[in-house]
Amino acid sequence: MNTSRSTPNTTPEAAWPLGDRAAAFRARHFPDCSDADWHDWRWQLRCRFRTLTDLERILELADDERQALAELGRALPVALTPYYAALLEPKNPDDPLRRTMIPVPAEFSKNPGEELDPLAEEDNSPVPGLVHRYPDRVLFLVAGQCPVYCRYCTRARLVGSGHNSSKRQWQQAIDYVAAHPEVHDVLISGGDPLILADAKLEWLLARLRAIPHLDLIRIGTKAPMALPQRITRALCRLLQRFHPLFMSIHVTHPNELTPEAARACQRLADAGIPLGSQTVLLEGVNDDLETITDLMRGLLRLRVRPYYLLQCDPVWGSAHFRTPVAKGLELLRGLRGRVSGYAIPQFILDLPGGGGKVPLVPDYVTGRDGDDLLITNYQGKPGFRYHDPLD
Ligand SMILES: *Cc1c(COP(=O)(O)O)cnc(C)c1O
């Protein structure tokens with residue numbers, strides 16, 4: 001594993017399993033690109049790989065990948081920033097990040113239990129772009145696009161189509177929050193909110209922060225992993241004016257924890273933004289204990305507190321990614337006692353039909369003997385007793 005140490009001028013010393021693949025990729029595919037361009041998030045967005053022809057230049061495509069790319073049509077688009085494309089193995093279709101980004105035909109089938117809108121968000125949407133499911137929190141969808149498109153996206157029905165929310169629509173959502181004093185927490189998501197320019201973010205954040213009953217503003221984003229160039233000093237200065245502001249970072253695999261991602265997280269953490277992670281559990285991508293352990297420990301090193309490990313939502317065409325629920329519980333059991341409690345996320349099932357999120361916890365209590373609970377410990381050793389009288 002981690003044989004090559006990270007490049008200079010990066011702190012903290014994140015494990016970087018990919019060595020200097022990014023540098024090699026850049027030298028090969030963008031030999032004339034200046035440093036200024038490469039580190040510019042707008043250049044990264046402009047130069048994304050989006051089509052079969054683009055991707056043929058950088059990957060040896062397998063037949064099923066080629067077929068899916070040719071048939072993509074109006075489905076969830078493909079996009080890879082040059083930075084993120086460098087993290088994919090060019091010759092291996094089973095490479096974990098490659099599986100999350102490059103479509104295969106299985107994505108076009110609708111399997112039993114799968115829905116276009118699995119969480120029934122449309123049913124809980126009082127105004128366009130706002131989901132109000134829990135009494136105290138709202139989900140505010142402010143962007144229709146992302147730097148990269150995850151193939152298992154729960155909001156595939158909404159994203160990539162090109163229409164960003166308008167300020168008029170945002171204003172309706174802001175007015176709704178202002179008119180509902182029970183709402184204390186706004187989760188800004190999308191799409192990816194950090195695809196928006198600083199000025200637009202500032203417009204949104206300033207209006208939300210002016211609402212007196214709003215405590216927490218959260219931003220859900222994959223930018224620190226997929227487009228770390230977006231985390232500029234100017235952005236961090238802007239965000240820190242609107243505290244308490246938290247960030248939930250979508251992260252999938254330890255291969256994403258590069259020096260660039262580490263620096264992005266460092267800047268955000270230094271701006272006083274509490275960082276949490278959200279990881280979707282994916283078959284053949286991150287569903288083994290070694291990978292999950294590396295990911296969660298790696299995140300803590302970047303000052304990102306693992307928050308949610310999510311069972312893959314039953315969105316159309318996601319069956320090839322879905323693990324049995326028992327797998328998530330097995331991984332949690334494996335983490336407990338193996339890593340710091342801070343490195344252990346909650347395992348979450350988001351209930352179809354809009355029932356909301358439910359944490360699933362491995363059962364350590366195996367039964368009762370009179371006034372004693374019978375408990376199995378973190379090592380799997382049974383027979384511990386805890387005196388817990390019934391009355
Ligand atoms: C996930 C989600 C939230 C936030 O839930 P937390 O458990 O507080 O992180 C809020 N609203 C909706 C609709 C959600 O899906």
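Numbers here are sequence positions counted from 1. Note that ligands are numbered from 1 as they come in the structure, with each ligand's atoms numbered from 1 the same way. Just so you know, these numbers come straight off a predicted model, no measurement behind them.
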Pairs of donor and acceptor atoms involving the side chains of residues 379-391, under 3.5 Å and at least two apart or interchain, shall be tabulated with distances.
{"residue": "Q379", "atom": "OE1", "partner": "N377", "partner atom": "ND2", "Å": "2.7"}
{"residue": "R385", "atom": "NH1", "partner": "D369", "partner atom": "OD2", "Å": "3.1"}
{"residue": "R385", "atom": "NH1", "partner": "D372", "partner atom": "OD2", "Å": "3.1"}
{"residue": "R385", "atom": "NH2", "partner": "D369", "partner atom": "OD2", "Å": "2.8"}
{"residue": "H387", "atom": "ND1", "partner": "D372", "partner atom": "OD1", "Å": "3.3"}
{"residue": "D388", "atom": "OD2", "partner": "R368", "partner atom": "NH2", "Å": "3.3"}

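- Between Y134 and D185 the shortest side-chain heavy-atom distance does not fall below 4.5 Å.
- Residue contact check for ligand 1: R218 places a non-hydrogen atom closer than 4.0 Å to it.
- Among protein heavy atoms, atom 7 (O) of ligand 1 sits closest to Y308 OH, 2.5 Å.
- Residue, atom and distance of the protein heavy atom nearest to atom 9 (O) of ligand 1 are Y307 OH, 2.7 Å.
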### Task
For S248 and Y308, run side-chain hydrogen bond (donor to acceptor under 3.5 Å, both in side chains): C-alpha distance rounded to whole Å, both residues' side-chain angles, the deciding distance at 0.1 Å, then the answer.
CA-CA 9 Å; S248 287; Y308 282 165; over 6 Å; no

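- Nearest protein neighbour of atom 12 (C) of ligand 1, counting heavy atoms only, is Y134 CE1, 3.9 Å.
- At a 3.5 angstrom cut-off on N or O pairs, R137 counts as close to ligand 1.
- The side-chain hydrogen bond (donor to acceptor under 3.5 Å, both in side chains) pairs that include a residue from residues 331-346 are T293-R338, where partners are two or more places apart or lie in different chains.
- Residue E121 does not touch ligand 1, judged by heavy-atom distances below 4.0 Å.
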### Task
Please test K327 against E283 for salt bridge (Lys or Arg N to Asp or Glu O under 4.0 Å), starting from the C-alpha separation and ending with a verdict.
CA-CA 10 Å; K327 173 54 85 169; E283 195 275 327; over 6 Å; no

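- In summary, the atoms of ligand 1 found under 4.0 Å from a heavy atom of V131, numbered by their order in the structure, are 13 (C).
- Nearest protein heavy-atom contact of atom 15 (O) of ligand 1 is K357 NZ, 2.9 Å.
- The distance from the CZ atom of R207 to the CD atom of Q171 is 6.5 Å, given to the nearest 0.5 Å.
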### Task
Check the pair T51 / E56 against side-chain contact (heavy atoms from CB on, under 4.5 Å), numbers first and verdict last.
CA-CA 9 Å; T51 64; E56 268 174 337; over 6 Å; no

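- Contacts between V138 and ligand 1, counted as non-hydrogen atom pairs separated by less than 4.0 Å, are absent for every part of the residue.
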